[in-house]
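Working notes for the structure below.
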Protein chains: 2
Amino acid sequence: MTAQAHKNRSPWVFNLDDDTQGIHRKLVSGIQTRIFPGQNVMLSVVRIEPNTTGTVHNHTEEQWGVLLKGECVRIQGDEEREMKPGDFWHTPGGVSHGIKTGSAGATVLDIFSPPREEYKKPGEGFGSANK
Amino acid sequence: MTAQAHKNRSPWVFNLDDDTQGIHRKLVSGIQTRIFPGQNVMLSVVRIEPNTTGTVHNHTEEQWGVLLKGECVRIQGDEEREMKPGDFWHTPGGVSHGIKTGSAGATVLDIFSPPREEYKKPGEGFGSANK
């Protein structure tokens, strides 16, 4: 079996650190993601460079985020919360949110339901996000 | 501000390792979970003890799993795949699946959409899963 054939044996298995997988999007300068769309839910593995701020925005889709590595400040509604690895958060549809990093940068697993249509293709930007 | 008041300030923030959070369920002997229901998607932080096997079952809800800690074998359809931390997998609705651990045990983040109704309350069992 070739390496490629082996790799394709289980198309339902992925790895958070495998940059060959997922649909690549640049959300904004310093924030890159890889998108994994499902039927009802979409995963997004987001890498945020140090000292980066993601625009505050909102969208109708429900979102959860899990801080996998590094540190960040999650902006949501009128709050700003410092997050450590293992912290996770819930953002109902329509709630304004953003993120910023310090010197450590961050890797975040975002979960969207329903899937965000505009994230199903490679490209740039937060999609049809408001604001 | 009391510690309790501080803790309640941001009800949208959680931690994967905080056993005081979530709805506790025992899925089967050796497998405990804490459930975090959203509107369209439900998170489940599952701890699987060493040398434990979860029953092969299926349900209509789409599921994703992320291996956070330890090691496991994911059973899905007619395949068995060894998983390391950072590996994640997609299980469309209706596909049979199960899990087993060796000496390391495992912590898995499961993601369900739509939310599994039977997991919105504390209790025991895989719910209405078919077998």
Residues Leu16(A), Phe88(B); criterion side chain to side chain contact (heavy atoms under 4.5 Å, CB included); working and verdict:
CA-CA 7 Å; Leu16(A) 296 171; Phe88(B) 65 101; 3.8 Å; yes
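- When Arg81(A), Glu80(A), Gln76(A), Arg74(A) are each tested for a side-chain contact (heavy atoms from CB on, under 4.5 Å) with Ser10(B), only one passes: Arg81(A).
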Take Val13(B) and Met83(A), measure what side chain to side chain contact (heavy atoms under 4.5 Å, CB included) needs, and give me the verdict at the end.
CA-CA 9 Å; Val13(B) 180; Met83(A) 301 289 181; 3.7 Å; yes
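- Near-neighbour residues of residues 105-113 of chain B relative to chain A, defined by a heavy atom under 4.5 Å from a heavy atom of that chain, comprise Leu109(B), Ile111(B), Ser113(B).
- The shortest heavy-atom contact between Gln39(A) and Pro92(B) is OE1-CB, 4.4 Å.
- The choice from Phe36(A), Phe14(A), Trp89(A) that makes the most heavy-atom pairs within less than 4.5 Å of chain B is Phe14(A).
- Residues Val66(A) and Ile31(A) do not share a hydrophobic cluster, defined by chaining ILVMFWY side chains whose heavy atoms lie under 4.5 Å apart.
- Interatomic distance, Trp64(B) CH2 to Asn40(A) CG, rounded to the nearest 0.5 Å: 11.0 Å.
- Contacts of residues 43-52 of chain B with chain A at a heavy-atom distance below 4.5 Å involve Leu43(B), listed in sequence order.
- In terms of hydrophobic clustering, with Ile, Leu, Val, Met, Phe, Trp and Tyr side chains grouped at heavy-atom distances under 4.5 Å, Tyr119(B) and Ile99(B) are assigned to a common cluster.
- At a threshold of 4.5 Å between side-chain heavy atoms, the hydrophobic network of Ile, Leu, Val, Met, Phe, Trp and Tyr places Ile23(A) and Leu27(A) in one connected group.
- Residue Pro85(B) touches chain A through its backbone alone, counting heavy-atom pairs closer than 4.5 Å.
- Contact annotation for Val95(B): neither backbone nor side-chain heavy atoms come within less than 4.5 Å of a heavy atom of chain A.
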